Undergrad: 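Okay, here's the structure, questions in a sec.
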Protein chains: 2
Amino acid sequence: MSLKHAILVLLETEPGSGYDLLKRFKERLGYFWNASHQQIYLQLKNMNQAGLLQCEQQPQVGKPDRKVYKITHSGHEALLEWIESPAKVSRVNDALLVKMYAGHLVDKHIILQEILQHKKVHQAMLNTFLTLEEKYLNMEAQEKAGYALPFLTLRKGILGEQAWLDWAVEVEVFLT
Amino acid sequence: MSLKHAILVLLETEPGSGYDLLKRFKERLGYFWNASHQQIYLQLKNMNQAGLLQCEQQPQVGKPDRKVYKITHSGHEALLEWIESPAKVSRVNDALLVKMYAGHLVDKHIILQEILQHKKVHQAMLNTFLTLEEKYLNMEAQEKAGYALPFLTLRKGILGEQAWLDWAVEVEVFLT
DNA sequence: CTCTCCATGTAACTGGTTACATGATTGG
DNA sequence: CCAATCATGTAACCAGTTACATGGAGAG
């Protein structure tokens, strides 16, 4: 299970609350890791209990306390251990392809419409990634160096989305 | 969710036992849908109870009964309804990219080794897909027509794996 | 005044994995 | 003889989603 480790990664550089983490997930790991706020709050509680994080409560007026979590030494150790041990090849379960496979059962326009809807989402993601890429490429050498690995994950996103869109073209050609 | 629907797809053309389905998953939906035998047996039981499938028990000597499941009318309806209603864009949770993102915490050879391991698996998958593609391309026009949609899902696999391997090259260039 | 964002959480449920369990047959 | 494959399942656990719940602040 890796939500735990993803949280450790995001807290490794700076402490943050559950909500902060939610935002960081969207900004930084958005393409390859998703987490809902419910999952995050629960995980933080568990990880705090397990001693991977420590929590500082900041009282707020008219709001629930702001709980800022910080990685502990034990948390840092756990993170390194995880990075160093091999990960399984992640296998997808893609419902769209199951539909595609059985598409002969319905009118082909239904499948085509579905593809076009998904295409919009993938095109939008690609655009976001390309904007981020440009930002990176315009950085000064020094700043660039610090973002090299995140940039490689961005490249994964770009190549993945481009492949998706190339595939969509093949599908459209066949279905129209 | 969709394991249910994937099973309906696989039983739509011909009945089969849990073990038959396990094999069909591997052969036909392998790239985009994974299911363990435990999941399948459980689902079949539930779907039988829900009236989507009917089960015929074939007694066997020295073995548990062979339970052959067949899609019912209600199951067929459920399948069509599912295909016709929009699917969410599937979002990946890829632990390898989380590691990559935080790769600065460890020696870069650790990340490189991990990439090389994963690359082997992706290369093997691509080879399998390319073999299947060739098989399809050598079919006669008539037979080809019947496999057009499954062929498109195969194309997705091919484009996806090629993109993965292209990305791996970029990673290797950076890490060596 | 309503909508969106900020900010936090609990509870029930569904989906999926890991571990356990059994035993025959086939191929090297 | 040993490993793999055939063939079936249960139980405990872990991960993730959906629904529910609350309430302030700022924008239009």
Side-chain angles (χ1 to χ4, degrees), chain A residues 1-8 15-27 29 32-50 52-53 55-69 78 82 87-95 98, chain B residues 1-8 15-27 29 32-50 52-53 55-69 78 82 87-95 98:
Chain A
M1 130 9 218
S2 298
L3 172 59
K4 192 164 86 177
H5 305 287
I7 289 175
L8 289 174
S17 67
Y19 198 81
D20 292 336
L21 284 171
L22 187 64
K23 281 185 293 184
R24 288 185 206 171
F25 268 106
K26 282 183 189 159
E27 285 164 19
L29 312 185
F32 52 92
W33 201 274
N34 293 277
S36 63
H37 76 273
Q38 294 93 328
Q39 247 180 300
I40 292 170
Y41 286 119
L42 190 64
Q43 250 331 299
L44 286 172
K45 204 169 79 174
N46 295 343
M47 290 166 75
N48 184 32
Q49 267 164 33
L52 302 172
L53 304 178
C55 171
E56 194 192 317
Q57 256 161 298
Q58 300 175 345
Q60 293 185 117
V61 274
K63 281 184 190 179
D65 291 357
R66 181 177 155 84
K67 289 178 194 158
V68 176
Y69 293 92
W82 174 71
K88 286 186 201 166
V89 175
S90 81
R91 299 190 174 274
V92 223
N93 282 17
D94 190 335
V98 177
Chain B
M1 236 268 275
S2 295
L3 171 59
K4 193 164 85 177
H5 304 289
I7 289 175
L8 289 174
S17 68
Y19 198 80
D20 292 335
L21 284 171
L22 186 65
K23 280 185 293 183
R24 289 185 205 171
F25 268 107
K26 283 184 189 160
E27 284 165 20
L29 313 185
F32 52 92
W33 201 273
N34 294 276
S36 62
H37 77 273
Q38 295 92 330
Q39 249 179 296
I40 292 171
Y41 287 119
L42 190 63
Q43 251 330 300
L44 286 172
K45 204 168 79 175
N46 296 342
M47 290 166 75
N48 184 33
Q49 267 163 33
L52 301 173
L53 304 178
C55 173
E56 195 192 318
Q57 256 161 298
Q58 300 174 345
Q60 295 186 116
V61 274
K63 282 184 188 178
D65 291 356
R66 180 176 155 83
K67 289 181 196 158
V68 177
Y69 292 91
W82 174 73
K88 286 186 200 163
V89 174
S90 81
R91 300 192 172 275
V92 223
N93 281 18
D94 189 336
V98 176

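What's counted below: heavy atoms across the whole structure, side chains too, no hydrogens, waters or symmetry copies. If you're wondering where the values come from, they're calculated on a predicted model, not measured in any experiment.
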Undergrad: Hey, which of these two, B/N93 or B/L22, hits DNA chain D nearer its 5' end, going by closest nucleotide?
TA: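 Mapping each residue to its closest nucleotide by heavy atoms, the 5'-most match is B/L22.
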Undergrad: State which of D/dT8, D/dT10, D/dG16 makes the closest approach to the side chain of B/H37.
TA: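 That would be D/dT8.
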Undergrad: Indicate yes or no for a side-chain donor-acceptor contact from A/D20 to the backbone of A/S17 under 3.5 Å, with no hydrogens or angles considered.
TA: yes
Undergrad: Which nucleotide in the list C/dC6, D/dA7, C/dG16 gets nearest to the side chain of A/Y19?
TA: C/dC6
Undergrad: Verify side chain to side chain contact (heavy atoms under 4.5 Å, CB included) between B/L8 and B/M47, making sure each step is shown before the conclusion.
TA: CA-CA 9 Å; B/L8 289 174; B/M47 290 166 75; 3.6 Å; yes
Undergrad: Without decimals, in angstroms, what is the distance between A/Q43 CD and C/dG9 P?
TA: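 Rounded to whole Å, this separation is 14 Å.
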Undergrad: Give the rounded distance in Å between these two atoms: CG of A/L42 and C1' of C/dA12.
TA: 13 Å
Undergrad: Can you tell me which nucleotide in C/dG9, C/dT8, D/dT8 comes closest to the side chain of A/K67?
TA: C/dG9
Undergrad: Could you tell me how far apart A/Q39 (CD) and C/dG9 (P) are, to the nearest whole angstrom?
TA: 16 Å
Undergrad: If the cut-off is 4.0 Å, is B/S17 near the phosphate of D/dT8, judged by side-chain N/O to OP1 or OP2?
TA: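 Yes, within the criterion.
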Undergrad: Just how far, in rounded Å, is P of D/dG9 from CG of B/L21?
TA: 12 Å
Undergrad: Ignoring the backbone of B/W33, work out which of C/dG16, D/dG16, D/dG9 is nearest its side chain.
TA: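 Closest nucleotide to the B/W33 side chain: C/dG16.
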Undergrad: Using whole Å, what does the distance between atom C1' of nucleotide C/dA7 and atom CG of A/D20 come to?
TA: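 In whole Å, C/dA7 C1' and A/D20 CG are 10 Å from each other.
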Undergrad: Rounded to the nearest Å, what distance is computed from the NE2 atom of residue B/H5 to the P atom of nucleotide C/dT14?
TA: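 Checked: the NE2 to P distance equals 13 Å.
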Undergrad: Side chain of A/Y41: nearest nucleotide among C/dG9, D/dT8, C/dG16?
TA: C/dG9
Undergrad: Specify the separation, in whole Å, of atom CE of B/M47 and atom C1' of C/dT14.
TA: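 So the two atoms are 15 Å apart, to the nearest Å.
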Undergrad: So which nucleotide from D/dT10, D/dT18, C/dA7 ends up closest to the side chain of B/K88?
TA: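 Nearest to the side chain of B/K88 among the choices is D/dT18.
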Undergrad: Between A/K23 and A/Y19, is any pair of side-chain heavy atoms under 4.5 Å apart?
TA: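 Of all side-chain heavy-atom pairs linking A/Y19 with A/K23, at least one is under 4.5 Å.
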Undergrad: Looking only at the side chain of A/K23 (C-beta and beyond, no hydrogens), which of the listed nucleotides C/dG9, C/dT17, C/dA7 gets closest?
TA: C/dA7
Undergrad: Could you tell me which non-hydrogen atom of B/K45 sits nearest to which non-hydrogen atom of B/Y69, and how far apart they are?
TA: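 Scanning both residues, the minimum pair turns out to be N-OH, 4.4 Å.
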Undergrad: Quick one: NE2 on B/H37 to CD on B/Q39, what's the gap to the nearest 0.5 Å?
TA: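 The CD atom of B/Q39 is 10.5 Å from NE2 of B/H37, to the nearest 0.5 Å.
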Undergrad: Could you state the atom-to-atom distance from CD of A/Q38 to C1' of C/dC13 in whole Å?
TA: 13 Å
